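These notes are about the structure you will find just below.
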Amino acid sequence: MNSKTDNLDKILQYFPTGTAEGERSILDKVFIYADEFKQIISPIPGSPVLLIGEKGSGKSALLDFSSRLTNSQGIPTVSLTPFDIDTSGLATNASTGDMVRAFYDILLIAVAKKISEENSGWFDGDYANLYYAAVDANARKSDFPGKIGKFIAEIAKGPTKIDLVSAFPHLTETTRSDVELSAQKIVGKKSFYLFIDDTDQISNPDDSSHLNRVWAIILASRRIAEKIPELKCIVTLRSEVWVRLQRDETGQRDQADHFRNLVVNMYGTREHIIRIVRRRLSLASNKNTEDDTIYDDFFDEKKAHAPQSSDLRTWENLITVRSRERPRDTIQLISTLAKEALKNGKNKIDQKVFIDVMPVFSKRISDQFGQETTIECPQALEILKTFASAEYDHTGFTMSAEGALEHFKKIPSKFTITLFGKTIRPGNEIQAFELWQFFYQEKVINARASDIETRDGFKHLDPENDAFLVSKARWNDLQKYLWEINTAYRDYLVFLQKEDGKYSGLAIKRPAGNRKRRNSSSLSGWAFCG
């Protein structure tokens, strides 16, 4: 590293966007999902895999890697998104059974179209007519599903060996070994892979009948896997949608039990985020180490403190807790920090850079939360903002269960709120629990439990492990915990508090000679870009 900014330029190379589309050029270098790959590459015969995770958890990156691997080994692979799945003729009020039958045909038609568009030598001219005719769905014969099933079975291939060196030359030795070991399960087995990403986007979550669409596509994928044993199907779904499917009283929640052993979770744990960051920093520094000393090349000093706090924390801790423990957010935070440091002519990220960036980044995270949940709850961002003026029983944006419930009961009196298409009424206790449950599952408000075995003396409960904690029936359990706003949103809430203070009081016009300079401490470090 020769110039003053080489360090930060290298960071931007390995922390570009955090999205699967923006990171394809470095995917094999930074790939760390060997455990999840092991679970999806060889599904139970006749069954799909449900890959469950939050937005930005790495689901699409894992599918992208898996697709590249299977294609590189000569295994026919089709990837579908909602863009490829035509549901225009699907009746809204159709029964689940009718929708399953419809999606069975819809998915097979989509597969046929993809094959005809992207054929990479999987079939010769003898089969071509079937697929070119299948592009026009209205022209297909009644035996089309049987023909396409037979065709898929015919072109399915089983590699005689797995060669990752030529396909992924930049995988780390350990990752390559783990992936090859997992991929050995498909050697000699005829396979055709079908990846269906962003499945929940085929429905409108605020319409309870639309949840049956999600069930229908899941059940249709299972039927296809049963009918065509060579076909291996992996379906992705957002965590919050999977939770709703298990809880929905008007849908097919009894089906959830049939799929639990087919679920592969992509949980964004703190340990997982640490692995992602260390791997990328190791590549950026060109050092063969992934311990915590790798931060020294890119961050000034060993520790720093967050805005409005004097507690010194390691850089690793600060970055992890302020990125919602999501891979995409973490990558984008480090990229933002590096760009800010570069703009100021620095060769390392320091305390001032962190203080300057966090309010802006926290607002970005808050806006993203609002965008991610706009269908489920259009007012989600406005509800989040109310926590800037909430009454807290404890320090650090922390309240008791009683305080949390009272706050959620009051919010609907400030503005109209709809949750999953239902209007939330002020003071309605059951609906307040529903709103609280939503913000708990979205990890905006966290349950904090005492734990003397941890460094800080507490731990946060993971909604994935107890998705239905927040309810009136479990009030006694709720009172055992403190409820605090996720650290990722706090800097934005503090900014809102300062803005509210700036405009409070009467706007009294003073003579020019008597005007005093505003206390510089009130907004220091909080210059904000909307």
Side-chain angles (χ1 to χ4, degrees), residues 36-52 59 62-63 66-67 69-71 73 75-82 84-85 87 96-115 122-123 131 134 143-159 182-183 185-200 202 212-237 241-242 245 252 254-266:
E36 292 83 356
F37 173 81
K38 177 181 179 181
Q39 297 177 73
I40 72 167
I41 198 61
S42 186
I44 296 172
S47 298
V49 168
L50 300 187
L51 185 61
I52 310 294
K59 301 186 301 297
L62 177 56
L63 287 196
S66 302
S67 176
L69 183 145
T70 52
N71 273 313
Q73 308 306 307
I75 304 172
T77 304
V78 165
S79 298
L80 300 179
T81 67
D84 306 303
I85 301 171
T87 61
T96 303
D98 288 341
M99 282 195 285
V100 172
R101 285 187 286 274
F103 271 116
Y104 182 79
D105 283 353
I106 289 169
L107 289 177
L108 289 177
I109 292 168
V111 169
K113 288 182 178 181
K114 278 284 185 174
I115 291 175
W122 298 334
F123 59 90
Y131 293 92
D143 62 348
F144 169 74
K147 285 187 175 181
I148 184 112
K150 182 180 178 182
F151 178 83
I152 289 173
E154 288 285 338
I155 67 171
K157 292 182 181 179
S182 301
K185 295 179 181 179
I186 61 174
V187 169
K189 297 180 181 178
K190 292 186 65 177
S191 300
F192 180 106
Y193 280 87
L194 172 60
F195 299 117
I196 308 177
D197 201 10
D198 294 328
T199 308
D200 46 88
I202 63 163
N212 284 342
R213 285 192 173 203
V214 181
W215 268 128
I217 199 170
I218 292 172
L219 293 169
S221 68
R222 182 174 67 180
R223 185 176 178 187
I224 290 171
E226 290 172 347
K227 295 283 187 181
I228 313 171
E230 294 81 7
L231 186 141
K232 319 295 182 186
C233 184
I234 292 86
V235 178
T236 74
L237 203 62
V241 176
W242 175 239
L245 289 175
Q252 304 292 315
D254 58 309
Q255 295 282 354
D257 289 337
H258 302 158
F259 284 89
R260 290 193 202 283
N261 65 333
L262 305 178
V263 168
V264 173
N265 289 299
M266 295 198 71

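Because the structure is predicted, anything quoted here is derived from the model rather than measured.
- Between F259 and W215, the angle of the ring planes lies from 30° to 60°, which puts this pair in the tilted group.
- Residues K185 and K38 meet the side-chain proximity criterion, which asks for heavy atoms closer than 4.5 Å.
- Contact between I75 and P159 at its shortest, heavy atoms only, is CD1-CD, 3.8 Å.
- A side-chain donor-acceptor contact under 3.5 Å links K190 to the backbone of A153.
- Note that the OG1 atom of T87 and the CD1 atom of I106 stand 6.5 Å from one another [nearest 0.5 Å].
- Between C233 and I196, the closest side-chain pair of non-hydrogen atoms falls below 4.5 Å.
- Shown here are the side-chain hydrogen bond (donor to acceptor under 3.5 Å, both in side chains) partners of D98, two or more places apart in sequence or in another chain: S95, R101.
- With sequence neighbours excluded, the residues satisfying side-chain hydrogen bond (donor to acceptor under 3.5 Å, both in side chains) with T70 are T77.
- Taking S221 as the reference, nothing meets the side-chain hydrogen bond (donor to acceptor under 3.5 Å, both in side chains) condition, with sequence neighbours excluded.
- The distance from the CG atom of L245 to the CG atom of N212 is 9.0 Å, given to the nearest 0.5 Å.
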Item to check | Derivation and outcome, side-chain contact (heavy atoms from CB on, under 4.5 Å), residues K114 and L80 | outcome: CA-CA 8 Å; K114 278 284 185 174; L80 300 179; 3.5 Å; yes

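- When side chains are defined from C-beta on, F103 does not count as touching L219, because their heavy atoms never get closer than 4.5 Å.
- Of all non-hydrogen atoms in A225 and S47, the two that sit nearest each other are CB-N, 3.9 Å.
- Contacts of D198 classified as salt bridge (charged side-chain N to carboxylate O under 4.0 Å, His left out), with partners at least two apart in sequence or in another chain: none.
- Taking Y104 as the reference, nothing meets the ring pair (Phe, Tyr, Trp, His ring centres under 6.0 Å) condition, with sequence neighbours excluded.
- Shown here for S191 and K232, the closest heavy-atom pair between the two residues is OG-CE, 3.6 Å.
- Residues F192 and I115 form a side-chain contact, since some pair of their non-hydrogen atoms from C-beta on lies under 4.5 Å apart.
- Between L108 atom CG and I228 atom CD1 the span is 5.5 Å, to the nearest 0.5 Å.
- Among all heavy-atom pairs drawn from L51 and M266, the shortest one is CD1-CG, 3.6 Å.
- D84 contributes a side-chain N or O that, together with a main-chain N or O of T81, makes up a donor-acceptor pair within less than 3.5 Å.
- By the 4.5 Å heavy-atom criterion applied to side chains, I234 and V264 are not counted as neighbours.
- A 4.5 Å side-chain heavy-atom check between L194 and I152 finds every atom pair outside the cut-off.
- Partners of S42 according to the side-chain hydrogen bond (donor to acceptor under 3.5 Å, both in side chains) rule, which considers only residues two or more places apart in sequence or in another chain, do not exist here.
- Closest approach of I218 to P48, counting heavy atoms only: O-CG, 4.4 Å.
- To the nearest 0.5 angstrom, N265 atom CG is 9.5 Å from E36 atom CD.
- Counting heavy atoms from C-beta on, the side chains of L231 and V111 never come closer than 4.5 Å.
- Contact of the Y193 side chain with the S66 side chain is not registered, since no non-hydrogen atoms from C-beta on lie closer than 4.5 Å.
- Taking CD1 of I85 as the start and CZ of R213 as the end, the distance is 11.5 Å to the nearest 0.5 Å.
- Rounded to the nearest 0.5 angstrom, L50 CG and N261 CG are separated by 10.0 Å.
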